[in-house]
Asker: 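First the structure, which I've put down as structure tokens, then a few questions once you've had a look.
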Amino acid sequence: MTSFRFAVNVTPKPGILDPAGRAVEGSLGHLGIEGVQDVRIGRRAELTVEATEVTVARAVVERMASELLSNPLIEVFEIESIAGASSATDSQAGAD
Amino acid sequence: MTSFRFAVNVTPKPGILDPAGRAVEGSLGHLGIEGVQDVRIGRRAELTVEATEVTVARAVVERMASELLSNPLIEVFEIESIAGASSATDSQAGAD
Amino acid sequence: MSIIELEVEPLHRRLGVTDDELEAIRARLDGRDPNDLELAMFSVMWSEHCSYKSSKPLLRTLPIAGEGVVAGPGENAGVISIGDGLAVAFKIESHNHPSAVEPYQGAATGVGGILRDIFTMGARPIAVLDALRFGDPVDPRTRHLVDGVVRGVGGYGNCVGVPTVGGELVFDPSYGGNPLVNVMAIGLLEERRLTLAAAPGPGNLVVLFGSTTGRDGIGGASVLASATFSDDDPSKRPSVQVGDPFAEKLLIEASLELIDRGLVEGLQDLGAGGITCATSETADRAGTGILVDLDAIPRREPGLAPFEVMISESQERMCAAVLPENWEAVREVCDRWGLPVAIIGRVTDDGDIAIVQAGQEIARIPARALTSDAIVHDRVAAPPTHRRDAPAPGAPSEISDRLPERGTDPGAVLLALLGSANLSSRHSVFRQYDSTVGANTVAGPGRGAAVLRVDGTTKALVATTDGNQSVGRLDPWLGAALSVAEATRNVSITGARPLGVTNCLNYGDPTRPEAFWQLSEGVRGLADACLALGLPVTGGNVSLYNESASGAIAPTPEIGVVGLLDDIATLVGPAFVMVDDAILLIGAAGPGLVGSEYAGLAGEATEDAPPALDLAREAAIQRFVREAISRGLVASAQDISGGGFGVAIAECAMWSGLGASVRLAIGHSPAVDLFGESPSRLVLTCRPRYAAALELLARQHGLPAETIGSVGGDRLRIELTLAGATGAAEERGGWVADALEVPVRDLSHVWEHGLARALGWEG
Amino acid sequence: MPVRVGVVVFPGSNCDRDTVRALDLVGAEPVVLWHEQASLDSVAAVVLPGGFAYGDYVRAGVIARFSPVMRSVAEFAGRGGLVLGICNGFQVLAESGLVPGALLRNASLRFVGHEVAIAPVRSDTAFTRGLEIGRGLRMPVAHGEGRFYADAVTLDALERDGQVLFRYVDPAGMPADPDHLANPNGSLRAIAGVMNAAGNVAGLMPHPERAAEVILGSDEGFGIIRSLVESAAQAVGQGPAVIGTGAR
Ligand SMILES: Nc1ncnc2c1ncn2[C@@H]1O[C@H](COP(=O)(O)OP(=O)(O)O)[C@@H](O)[C@H]1O
Ligand SMILES: [Mg+2]
């Protein structure tokens with residue numbers, strides 16, 4: 001088994017009201033920041049999957065992202081492969 | 001001026017209890033998913049900055065990320081350049 | 001070019017407009033065809049949700065006159081004067097279908113919508129009550145819906161800072177595919193600030209403020225509310241409305257400030273039907289027209305088609321009629337509260353809603369054609385072939401004891417009832433709500449009606465919601481009348497005088513004769529009960545097509561009542577107060593267990609019937625209890641409803657931590673007397689020396705009354721006696737001997753954990 | 001002359017009116033301070049009330065921190081002015097760094113709205129004068145992000161320096177563990193309220209202003225409001241001497 005680490009980025013669907021993003025934009029004046037637009041606030045999940053190969057791991061993440069981490073009616077997600085899951089644990093895999 | 005689009009990923013500091021991540025792990029059984037670990041739930045902000053050049057834009061994002069989007073006591077952030085801000089709006093810049 | 005491309009069906013049908021309705025539309029346009037934009041506007045306004053096309057003739061039969069009524073049905077909320085120059089505004093509304101699609105946002109926007117109905121009238125919202133109904137709590141789909149809806153109600157109400165002080169959570173299999181999310185809101189206003197939803201004065205500006213307009217809920221009014229909701233047709237799902245409680249909070253403050261400073265001539269919230277509905281209704285009420293400049297409407301995203309702008313249900317928006325000289329001041333208020341604001345049109349004198357884009361007129365419809373002159377359908381009503389009527393009051397009955405109560409320990413039955421999904425404590429839900437913000441909550445959720453003090457006076461408002469689907473499914477007249485009886489009784493037992501009734505009529509597809517019969521019977525029950533109790537119906541809402549693949553919901557008229565207590569010092573609660581107080585039972589149990597929680601547990605006898613309701617007796621018992629309380633005779637007052645006498649007295653005990661010892665005379669059978677839910681009964685306590693006076697007062701009101709025991713100890717003990725039992729009852733023998741005896745601690749334990757266990761929130 | 005106490009109103013504040021009322025009851029003169037104003041109108045103390053300032057979007061309290069009034073509040077606090085943050089006000093103070101620690105999402109991941117008991121840890125601060133140490137005071141909580149967090153070193157220092165003001169206590173009066181019901185949000189070391197090192201800025205999650213009258217179910221929050229007002233009066237020379245302020 002190998003460990004793969006992924007990130008799932010969940011953001012509000014285009015066209016769906018994003019009250020948090022709007023509130024952030026509205027506050028930039030107080031921060032003295034100009035020229036920032038189209039702020040969208042979403043969620044990010046990072047997770048490690050143990051699987052035999054990356055396609056299997058990605059399929060698991062895909063399912064989690066669509067069924068658990070996002071709401072398809074109002075959100076979209078994308079999956080990223082990220083570093084961090086100190087890759088292979090081959091020696092342990094051998095022990096299984 | 002050019003438009004740059006960034007994402008800011010904010011995650012709980014290592015060592016900080018993340019009940020949301022734990023809740024996701026706890027519900028995996030219901031979905032029949034195994035082998036997923038170390039789930040951390042954070043925030044993701046996506047935004048567009050108008051600036052003369054990318055370093056200027058990134059400095060703005062840096063400030064927003066550290067002062068507004070994350071709390072250094074409990075969170076860490078990283079900044080990503082992302083696609084989407086249909087880059088330059090040069091013709092308009094000329095009109096300024 | 002067509003708004004929606006033509007496929008097989010002509011456009012009007014795809015928008016939910018029937019061929020007959022299209023004919024009727026042509027007739028209102030002097031014979032011409034509507035263009036696509038006009039057709040879209042008609043389709044939302046002639047939806048069931050906006051036009052009440054099936055229910056209007058029925059609603060006309062409701063009693064609406066009453067003491068102090070300042071605004072009744074037809075306005076955004078009913079308003080009743082409470083003296084001291086103050087008035088209370090209240091209304092209940094459903095958000096069933098949006099909540100089935102997206103429980104969090106559906107419930108959240110439901111709260112937002114009903115709050116707007118309240119502050120549109122010039123009232124500051126002071127309370128929310130949420131009446132929720134779901135299917136089997138074990139079903140994962142139900143659990144998902146409960147979780148989302150509860151989070152949504154809290155997410156919105158907590159943030160806007162209006163306390164959620166009451167409501168209901170009921171599980172019944174008929175809601176499995178179609179949950180009910182009904183929300184009631186209450187507001188307080190100075191009577192002179194009363195603001196109506198009209199656009200008077202040709203030449204006045206029409207001003208839109210609040211959030212920008214996007215694609216939210218396009219088709220919501222027409223597709224969602226008037227077509228049968230179906231799980232497996234995602235193409236019919238409109239884009240979900242997302243609520244922004246922060247924007248709503250700003251909208252409340254800005255609207256109240258505008259009203260306070262006299263800057264608006266009329267005010268209307270935007271709900272179903274969006275700008276189309278707000279402009280046509282306000283124009284029609286004032287006998288004016290409105291010219292809308294489409295380009296002036298602030299948008300959230302580019303590329304919206306005119307029809308999308310006109311029917312969008314984007315949340316947190318308000319529409320005002322403003323004198324031109326007040327515009328600058330209006331703009332200043334909105335700017336200060338950070339709300340986008342724009343002049344989107346002008347009041348005209350031609351009676352039309354006209355829409356102009358880039359200088360071109362692209363639609364023109366008489367305002368009344370969209371609202372007061374919308375189509376009305378004569379639906380066909382037919383009762384089902386199999387019915388179970390309630391027996392006439394006083395009719396003999398030997399049918400209701402064929403239940404497996406014999407040999408069963410009544411204490412075990414009581415514990416099972418107290419721990420059941422429907423009767424256990426709802427605290428794991430309402431603890432997710434802020435019930436105390438506003439610092440007026442005297443009694444919040446959990447123990448009978450909610451009580452809110454009226455700051456600056458000695459008065460209090462008392463509010464509750466009730467519905468009764470389990471009797472309603474057998475006898476829709478009785479279900480409705482019982483709901484009114486129970487809701488008003490819950491108010492009366494605090495000492496408060498019910499002021500008026502708001503209602504949400506949740507029914508199935510009105511084109512099915514049986515569903516329409518249920519609706520007509522429900523309205524008849526509502527009217528009969530309100531007349532008997534002398535109460536006006538001040539407003540409400542109708543939600544039809546509550547059906548899913550698994551069938552129609554049980555008819556559920558949800559009743560909201562607000563009452564007034566003149567002196568809060570006289571307030572009486574349901575919990576026991578003091579050791580040695582006498583316990584009195586007022587009223588008498590009637591036969592019939594069908595529809596009760598006990599029958600749900602033990603099984604229904606097929607030949608049994610629901611208990612009867614005598615409206616005159618109900619009125620008498622409420623008059624009696626209010627008089628007894630005002631005379632200072634009563635220490636605690638509890639009504640007998642779900643779970644019967646046993647659950648009622650157990651609640652008095654649990655909520656006080658005090659035990660009781662009573663002797664209950666069995667007139668019918670232990671099941672009926674202990675757990676039957678026949679109406680018009682109370683458990684009262686008083687200082688022992690007042691017991692005789694209370695009994696006498698009850699008899700003067702024509703009510704049976706008996707002192708049955710006293711408060712004290714740490715156990716609930718109910719001895720069952722044969723006194724008053726008929727020979728027939730003795731024959732059945734064997735069941736009278738067992739007394740019920742349970743430590744109060746044990747009662748509390750099962751009661752407190754029941755709901756969380758049923759929902760899997762707790763192991 | 002009653003002492004003037006400012007109540008800041010951010011867009012989204014929703015306990016400002018309740019706080020004004022409680023200050024009135026105690027005999028102070030409440031002064032409403034709009035978030036866009038830089039002047040504190042010469043008040044003797046400032047209360048940041050509960051609510052959802054700027055919707056509490058992103059993180060509770062963070063956006064409010066940047067409003068003009070907060071710059072003035074920070075200066076005022078720097079000069080030793082008394083500042084009390086209640087619930088959302090506490091979150092704003094923590095985000096601003098005016099009190100130590102952070103308020104994380106409740107451990108249950110749910111909003112909590114019910115009565116709790118909090119016990120004062122000290123009776124000699126501007127916010128707890130005259131209160132009985134260790135005696136539970138009943139008042140409501142109503143928040144989604146109230147789990148007090150600081151790292152172990154900071155927590156030790158806060159305890160050592162006497163900056164812990166209130167703790168959630170169980171029915172027996174003992175500090176409630178993070179997983180005990182009496183600790184509504186999972187706060188570390190049962191901390192319900194803290195103050196800065198100088199002892200003039202404090203925050204707490206529960207709502208004393210909603211528990212200032214018997215008719216509302218409890219008047220056990222009254223003493224906290226009264227303590228603030230008395231300390232403010234004393235600070236501007238209008239009242240009795242403060243028993244003691246500041247950290248130990
Ligand atoms: N069941 C009912 N009983 C009495 N009045 C009702 C009922 N249903 C709707 N009404 C009244 O009809 C009017 C229109 O209702 P509705 O379209 O829901 O109003 P709004 O758009 O302001 O929410 C309101 O004044 C409402 O009180
Ligand atoms: Mg309305």
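Lettering follows sequence order; numbering is per chain, from 1. For the numbers below, each heavy atom of this structure counts, side chains included, while hydrogens, waters and symmetry mates do not.
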Asker: With chain D as the partner, which of Asp455(C), Val160(C), Thr164(C), Leu250(C) has the greatest number of non-hydrogen pairs under 4.5 Å?
Answerer: Asp455(C)
Asker: Among Cys159(C), Gly161(C), Gly338(C), Ser435(C), which has the most heavy-atom pairs under 4.5 Å with chain D?
Answerer: Cys159(C)
Asker: Over 60° means perpendicular and under 30° means parallel, so tell me whether His749(C) and His753(C) are parallel, tilted or perpendicular.
Answerer: tilted
Asker: Tell me, for Pro140(D) versus chain C, whether the close heavy atoms (under 4.5 Å) come from the side chain, the backbone, both or neither.
Answerer: side chain
Asker: If you measure only the distance, is there a donor-acceptor pair under 3.5 Å linking the side chains of Asp147(C) and Tyr104(C)?
Answerer: no
Asker: Do you know which of Val333(C), Leu256(C), Val330(C) makes side chain to side chain contact (heavy atoms under 4.5 Å, CB included) with Arg261(C)?
Answerer: Val333(C)
Asker: List for me each residue that meets salt bridge (Lys or Arg N to Asp or Glu O under 4.0 Å) alongside Arg226(D), sequence neighbours excluded, and say none if there are none.
Answerer: Glu230(D)
Asker: Where on Arg336(C) is there a heavy atom nearer than 4.5 Å to chain D: the side chain, the backbone, both, or neither?
Answerer: both
Asker: Would Arg110(D) count as a cation-pi partner of Trp761(C), with NZ or CZ less than 6.0 Å from the six-membered ring centre and within 45° of the ring normal?
Answerer: yes
Asker: For Phe127(D), enumerate each residue passing the ring-ring contact (aromatic ring centres under 6.0 Å, His included) test, keeping only those at least two apart in sequence or located in another chain.
Answerer: none
Asker: Is it the side chain or the backbone of Tyr54(D) that comes within 4.5 Å of chain C heavy atoms, both, or neither?
Answerer: both
Asker: So for Ser108(D), is it side chain, backbone, both, or neither that comes closer than 4.5 Å to the heavy atoms of chain C?
Answerer: neither
Asker: Does a donor on one side chain and an acceptor on the other come within less than 3.5 Å for Asn183(D) and Asp177(D)?
Answerer: no
Asker: Could you tabulate the donor-acceptor pairs under 3.5 Å formed by side-chain atoms of residues 568-576 of chain C, not counting sequence neighbours?
Answerer:
from      : atom 1 : to        : atom 2 : distance (Å)
Thr570(C) : OG1    : Asp567(C) : O      : 2.7

Asker: For chain C, find which of Asn88(D), Asp56(D), Asn14(D) contributes the most heavy-atom pairs closer than 4.5 angstrom.
Answerer: Asn14(D)
Asker: Heavy-atom distance under 4.5 Å to chain C: side chain of Glu213(D), backbone, both or neither?
Answerer: side chain
Asker: Please identify which of these residues, His207(D), Arg210(D), His114(D), meets the side-chain hydrogen bond (donor to acceptor under 3.5 Å, both in side chains) condition with Asp434(C).
Answerer: Arg210(D)
Asker: Please walk me through it: do Arg193(C) and Asp260(C) pass salt bridge (Lys or Arg N to Asp or Glu O under 4.0 Å)?
Answerer: CA-CA 7 Å; Arg193(C) 297 281 184 239; Asp260(C) 213 41; 2.7 Å; yes
Asker: Mind checking which of residues 436-447 of chain C sit less than 4.5 Å from chain D, heavy atom to heavy atom?
Answerer: Thr436(C), Val437(C), Gly438(C), Ala439(C), Asn440(C), Thr441(C), Val442(C)
